[in-house]
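Below, each value reflects all heavy atoms present in this structure, side chains not excepted, and no hydrogens, waters or symmetry copies. Residue numbers begin at 1 in each chain, while the letters A, B, ... track the order of the sequences.
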2 protein chains.
Amino acid sequence: MATGRNHRPATRSRGIPEATVARLPLYLRALTALSERSVPTVSSEELAAAAGVNSAKLRKDFSYLGSYGTRGVGYDVEYLVYQISRELGLTQDWPVAIIGIGNLGAALANYGGFASRGFRVAALIDADPAMAGTPVAGIPVQHADDLDRIISENGVSIGVITTPPGAAQQVCDRLVAAGVTSILNFAPTVLSVPDGVDVRKVDLSIELQILAFHEQRKAGEDAAADSAFDPAAPPVRAATTSRKGPDGDMPAVMPA
Amino acid sequence: MATGRNHRPATRSRGIPEATVARLPLYLRALTALSERSVPTVSSEELAAAAGVNSAKLRKDFSYLGSYGTRGVGYDVEYLVYQISRELGLTQDWPVAIIGIGNLGAALANYGGFASRGFRVAALIDADPAMAGTPVAGIPVQHADDLDRIISENGVSIGVITTPPGAAQQVCDRLVAAGVTSILNFAPTVLSVPDGVDVRKVDLSIELQILAFHEQRKAGEDAAADSAFDPAAPPVRAATTSRKGPDGDMPAVMPA
DNA sequence: GCCTGTGAAGCTTTTCACAGCC
DNA sequence: GGCTGTGAAAAGCTTCACAGGC
């Protein structure tokens, strides 16, 4: 990779795979822990174990950043911490605004790991006038009417949406209009944004549903030992057309 | 796919791709919204737009479940809601326990979308004796000493960890010992679990760091218009070995 | 004519396995 | 001898494009 092909400007390492980017924070966390224990170097095997990935993947990932290791030895912990921090853009501080200071917004505002590396809660915003002025995690809540001003005055480019789902798209639009180009969305809604704006979502119920899927599989396999049993509701579909699914037609009465 | 190959038992559709499983909850949410508006059928194009994916992907995803659409027409909303619910295992109710009732745990306990489809908060558990008995979201908090009993009495197979990171692995071990086989981890730690136990993690700071990476890229491109400028700290590495990264060596003093 | 279902092609990500260097 | 860095193979995922059926 970094070994001299000539059809790329090469000044800035274009094209780190997205999957790799998503793992860099994991490596960084593991390395930070080693750094705090004053461990000077670490092998790909050890670091991979600490980060919960396999070592081939880790080495491949690091190869996209450059050749930061030493053969026969491993990686210099401090050096890697710095290189990954820089690659992730954490050598600067990002002011973040949280919009929607309910239970979840307050929880995030209080979350320590937030401030620790690269991020700073610059503003808390809520639509409830009664909340305005009340400090949460030591930061006074401001009213949503002033969203524009708050975002631009603080130079916020990353917004965290923790509003109810109904308000999320509107808040998103206003954030984008005010100059925010990265959004972390905790509301269970699909946000639409213009090109150039990144959205990532964190969705509790999606995660639970994925777990339920696998959980059901496990239960199904256990049951399969006893009998070849249809694990779902009985087929009582009231339709005229024939449907071909793997099993289980729709019951007359939908489950709540 | 479902069109008659003969080397699979076929009773239970093995091998729905993980990427598809992860999108089923999105489709389900979009379909539920249509269902509430009493929309009878929907095309792959419309549903894909509502779920924020493209229609080819959606059709491919559905093809793994079976042939549930009608050519020239689209998909029957109610029917699909049922089929996806069943596939995800949401036709049964999953009792869930939340361990660690701080800000975040309380926020999750209060989260409405939780109970609505397939999940029920069966127990709240915390290690602080002062919290025992206090109701959160109408559910009394129980002490961690009784974790084993609480899990088995309630038949909990899905646990949500919202403890501080230091406690997460220990809580995880106890959950697994008590019979939990799926874990949703909000603590910023890598959990190690035996085979057969699924872990999914939700990690605020990882998401923010991924956003920061892309944000930095955007800023870097803007700056590149002005000058070919090193966006990071100056190279003042105190080492003897030569390192070859794309750019940016380590500064003498690490950034806080 | 319209929209689904799906092979086939193209792309991304992971894993393998070993050359290269300490 | 040990461990990194990386081509090459394998697996997984997305997109294309069109046959098939309403």
Could you state the atom-to-atom distance from [atom1] of [X] to [atom2] of [N] in whole Å?
{"X": "A:Lys57", "N": "D:dG7", "atom1": "NZ", "atom2": "C1'", "result": "19 Å"}
{"X": "B:Tyr75", "N": "D:dG21", "atom1": "OH", "atom2": "P", "result": "16 Å"}
{"X": "B:Glu45", "N": "C:dC2", "atom1": "CD", "atom2": "C1'", "result": "12 Å"}
{"X": "A:Glu46", "N": "D:dC3", "atom1": "CD", "atom2": "P", "result": "8 Å"}
{"X": "A:Leu47", "N": "D:dC3", "atom1": "CG", "atom2": "C1'", "result": "13 Å"}
{"X": "B:Asp61", "N": "D:dG12", "atom1": "CG", "atom2": "C1'", "result": "13 Å"}
{"X": "A:Asp76", "N": "C:dC22", "atom1": "CG", "atom2": "P", "result": "16 Å"}
{"X": "B:Arg71", "N": "C:dC3", "atom1": "CZ", "atom2": "P", "result": "14 Å"}

[X] vs [N]: side-chain N/O to OP1/OP2 distance below 4.0 Å:
{"X": "B:Tyr68", "N": "C:dC3", "result": "no"}
{"X": "B:Arg59", "N": "D:dC16", "result": "no"}
{"X": "B:Asn54", "N": "D:dT15", "result": "yes"}
{"X": "A:Thr70", "N": "C:dC22", "result": "no"}

For residues [X] and [Y], determine if any side-chain heavy atom of one lies less than 4.5 Å from a side-chain heavy atom of the other.
{"X": "B:Leu184", "Y": "B:Ile161", "value": "no"}
{"X": "B:Tyr79", "Y": "B:Thr41", "value": "no"}
{"X": "B:Tyr27", "Y": "B:Leu58", "value": "yes"}
{"X": "A:Asp173", "Y": "A:Val193", "value": "no"}

Exercise. Which residue, A:Glu18 or B:Val73, contacts DNA chain C at a nucleotide closer to its 5' end, judged by nearest heavy atom?
Worked result: B:Val73
For this session: Using heavy atoms to find the nearest nucleotide of DNA chain C for A:Thr20 and B:Ser43 separately, return the residue whose nucleotide is more 5′.
Result: B:Ser43
Problem set entry | Salt-bridge present (B:Glu87, A:Arg217; N to O < 4.0 Å) | yes
Seminar exercise, completed: Considering only heavy side-chain atoms of B:Ser44, the closest of C:dT4, D:dT6, D:dT14 is C:dT4
For this session: Side chain of B:Ala19 only, please: which of C:dT4, C:dG5, D:dC13 is the nearest?
Result: D:dC13
For this session: Assign each of A:Gly72 and A:Lys60 to its nearest nucleotide of DNA chain D by heavy atoms, then name whichever residue's nucleotide is nearer the 5' end.
Result: A:Gly72
